[in-house]
Amino acid sequence: MTNLDIKELIKIPYSCSPTSSVDNKRIAYLNNKSGTPQVWLCDENNVHKALTNYKERVALVSWSPDDKWILFSIDKGGDENFQIKLIDTSDYTNIISLSDDMSVRNDFGGWSTDGSTIVYSSNKRNAAYFDLYTQKINEEPKLVYQTSNNIHSVAFQAYSNDLKKIVFTEERTNRYQYLKILDVESGNITQLSDDNLNGGFKQAIFSENDDEIIIITNEGKDFSGIARLNLKSKKLSYIYLEDHEMEFFKMDSENYRLIFYINDRGYSKLGILNLLNNDSKIFDNPHEVTFMEPTYGWGACVLDESNILLTINATNQNGEIIKFNLDTQKYEFFKKAYEGNIQLNNLPKPTLHSFKTFDDRDIPFFFLKPDNFKQGEDNPILILIHGGPEGQERPTFKPELQYLVNQGIGILLPNVRGSGGYGEEYGHLDDTYKRMDSVKDIEYLWKWVVDSGWASKDKIAVMGGSYGGFMTLSCITVYPDLWAAAVELYGMVNMVTFFEHTASYRAQHRAYEYGDPIKDRKLLEDISAIHKIDQIVTPLLVLHGDEDPRVPMYETEQLVSEMKEAGKQVEFVRFLDEGHGFVKEPNRIKAYTSIAEFLTKYLLQ
């Protein structure tokens, strides 16, 4: 087995988010080979060049329907206060800013069908509330829907072909929304979904004559699918619904069909839905990958009847844009972001398993094993817990994990109760007073890996970021004797102060999941690791960025201070110019090498 260099692994770039000109002869996309994701262009002569060169990350890219503009969003230091900018496609040199107040967050929603107008959500009026705005290019923005009281956020979904209507969602919880439609001229709002609030909605398109919309929803169902909604009768009819989550669709207007992605136990699969007869087809290829982009978005370009562009991402495949042929089910790389010496295809791939937990429920997990791993031997293991909590561990490229496996450490990647991707019932199993049941799932995973002979009980570590950080701290305080080491990244330490300091627009959604900071204060105190520091006996590494708007630095400062005062083993790596995660290449190198050195010290030495 060849020894891998962790810095070379971390420096492997990605490409994603393809968006095309009207004639499909030019493609804009994101590539992070400069150290942060930037806008790149493939022109009509197949020449690739960077259009932006910022030190900060570009978060998204979108070509306007009138071909005149390439839109992108950018923030500063990971603070998530996104600003919207446009590149003039006449020569790609002129960049104009549609927003420039760096204290405000602007979330791009989409274009009008003629490309004259953008729609976005912004908290410029009040930091705690996102309103809906339209803005014609080179004109001032117009507030078209204002949130208030217990409604803190709205999100654009679709613009009608006649430019008279906008469909948007009114966010009520972290999972559920009301679906509404705005008459652009009069400003009148009509609710399309019922009052029961029993589903979520995302990514809609209008029919050709604007009398209905096609939308991804799980209203009244355990899993999400694709439905038609008649705008006059408000009747919702599913046209595709199976026992897996619908991730994304792209309209292929020329062939009157949808290209869609489903989530099959963590893997993505590609499908086609014929809108004339509702016939569908799921492709076998690409196999054992996800289509989730490294920037956590989704996208596709329909080039012609046979070919599409999309992003693939797998444990042994960095994020790359591919050109996929729907007829042959074969693909070629659009423009490889990585052309180095590491043979990614030869890196290990995970296997999918499940274990029985305390209530006899099956909990799924991925197992990424070194080549020389054998049952019954003294194997070291890392359990990696995802964030969310409605996130999902999926087989995506994580260079730090490939390095650890190369060093001889096995990785377990569980999707405990409350994870996304397994239906609504599963997703609610950890709500509020059931919070610690998900931590108990990790205890039973620990038992499984020991009892099955895959691990030495003295060589198991736990790691997680964001909500996974909360889970990590819960593991080492509730089950302190199980762990050889722990790594906690930008997680919640004190749930009460988390609610006091998190970005004001986020508090309502988090309260629905974790508990109300006033009514459920005792619950939040009881589950907070800050009150159990005396229980910690595990060496702990903590990493966090100062610009984090989700889990503010105060959470980590409390933890480190309390642990040092109690004489506990804790190391702290702090980043001044990162937020909720690490984006810039030097910071990623520092973060992941610190993690690798810490874990190899406690698991291998």
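Sequence positions, counted from 1, serve as the residue numbers for this chain.
No salt bridge links Asp210 with Lys165; every basic N to acidic carboxylate O contact stays at or beyond 4.0 Å. By the 4.0 Å N-to-carboxylate-O rule, Arg435 lies close enough to Glu513 to be salt-bridged with it. Here Lys49 does not pair with Asp43 in a salt bridge; the nearest charged N to carboxylate O distance is not below 4.0 Å. One finds a salt bridge joining Arg257 and Asp252 here, because a Lys/Arg side-chain nitrogen approaches an Asp/Glu carboxylate oxygen to under 4.0 Å. Salt bridge Glu185/Lys164: absent, no basic N to carboxylate O contact under 4.0 Å.
Every residue was checked against the salt bridge (Lys or Arg N to Asp or Glu O under 4.0 Å) condition with Asp79, not counting sequence neighbours, and none meets it. Under the side-chain hydrogen bond (donor to acceptor under 3.5 Å, both in side chains) criterion, Tyr422 pairs with Gln392, Asn415, sequence neighbours left out. Evaluation of the side-chain hydrogen bond (donor to acceptor under 3.5 Å, both in side chains) rule for Asp304 yields Asn307 as partners, not counting sequence neighbours.
In this structure, Pro549 and Thr502 approach most closely via the heavy-atom pair O-OG1, 3.7 Å. The shortest heavy-atom contact between Gly115 and Ile137 is O-CG1, 4.4 Å. Here the shortest heavy-atom pairing between Ser466 and His580 reads OG-NE2, 2.7 Å. Of all heavy-atom pairs between Arg510 and Pro389, the closest is NH1-CD, 3.6 Å. The two residues Met553 and Gly545 come nearest to each other via the heavy atoms CE-C, 3.6 Å. In plain terms, the two heavy atoms of Gly266 and Arg394 that are nearest each other are O-NE, 2.8 Å.
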For this session: Test Ser207 against Glu212 for side chain to side chain donor-acceptor pair (under 3.5 Å), laying out the working first.
Result: CA-CA 6 Å; Ser207 62; Glu212 67 177 12; 4.8 Å; no
For this session: Go through the steps for Asp211 and Lys232 under the test side chain to side chain contact (heavy atoms under 4.5 Å, CB included), then give the verdict.
Result: CA-CA 7 Å; Asp211 64 342; Lys232 185 175 182 180; over 6 Å; no
Problem set entry | Step-by-step ring-ring contact (aromatic ring centres under 6.0 Å, His included) determination, Phe291 to Phe248 | CA-CA 10 Å; Phe291 304 141; Phe248 169 86; 9.6 Å; no
Exercise. What's the verdict on side chain to side chain contact (heavy atoms under 4.5 Å, CB included) for Val39 and Ile87, showing C-alpha distance, side-chain angles and the deciding distance?
Worked result: CA-CA 10 Å; Val39 180; Ile87 301 171; 4.2 Å; yes
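In this structure, a donor-acceptor pair under 3.5 Å is present between the side chains of Ser268 and Glu247. The closest side-chain donor-acceptor pair between Thr497 and Glu555 falls under 3.5 angstrom. Judged purely by distance below 3.5 Å, without hydrogens or angles, the side chains of Glu170 and Tyr145 pair a donor atom with an acceptor atom. For Tyr176 and Glu424, the side-chain atoms include at least one donor-acceptor pair closer than 3.5 Å. When only modelled atom types and interatomic distance are considered, Glu320 and Asn318 share a side-chain donor-acceptor pair under 3.5 Å.
Within a 6.0 Å sphere centred on NZ of Lys269, other residues, nucleotides and ligands contribute 12 heavy atoms or fewer. In Asn45, the CG atom is crowded: over 12 heavy atoms of neighbouring residues, nucleotides or ligands sit closer than 6.0 Å. Other residues, nucleotides and ligands contribute at most 12 non-hydrogen atoms within 6.0 Å of the CD1 atom of Ile518. Atom NZ of Lys202 has more than 12 neighbouring heavy atoms from other residues, nucleotides or ligands inside a 6.0 Å radius. Counting heavy-atom neighbours within 6.0 Å of Tyr256 OH, excluding the residue itself, gives a total above 12. Summarising the local packing, CD of Glu44 is surrounded by more than 12 heavy atoms from other residues, nucleotides or ligands at distances under 6.0 Å.
Rounding to the nearest 0.5 Å gives a distance of 5.0 Å between OG of Ser15 and CD1 of Ile321. Rounded to the nearest 0.5 Å, atoms CD1 (Ile215) and CZ (Phe201) are 6.0 Å apart. Rounding to the nearest 0.5 Å places CG of Leu163 at 4.5 Å from OG1 of Thr113. Note that the CG atom of Asn255 and the CD atom of Glu305 stand 4.5 Å from one another [nearest 0.5 Å]. Once rounded to the nearest 0.5 Å, the distance linking CD1 of Ile259 with CD1 of Ile272 reads 4.5 Å. Residue Tyr467 holds its OH atom at 6.5 Å from OH of Tyr514, rounded to the nearest 0.5 Å.
At least one donor-acceptor pair closer than 3.5 Å links the side chain of Asp222 to the backbone N or O of Glu425. A distance-only check finds no donor-acceptor pair linking the side chain of Thr117 to the backbone of Ser112 [under 3.5 Å]. A donor-acceptor pair under 3.5 Å is absent between the side-chain atoms of Glu242 and the main chain of Tyr240, judged by distance alone.
Inter-residue side-chain proximity for His48 and Tyr29 is flagged as met; some heavy-atom pair is nearer than 4.5 Å. Residues Phe324 and Pro286 have side chains in contact (heavy-atom distance under 4.5 Å, counting atoms from C-beta outward). Annotation: side chain of Met292 is not in contact with side chain of Asn263 (no heavy-atom distance under 4.5 Å). Inter-residue side-chain proximity for Leu326 and Phe283 is flagged as met; some heavy-atom pair is nearer than 4.5 Å.
Just one of Thr147, Asn123, Asn126 meets the side chain to side chain donor-acceptor pair (under 3.5 Å) condition when paired with Asp131; it is Thr147.
Annotation: cation-pi pair Lys124/Tyr133 present, NZ/CZ under 6.0 Å from the ring centroid and within 45° of its normal.
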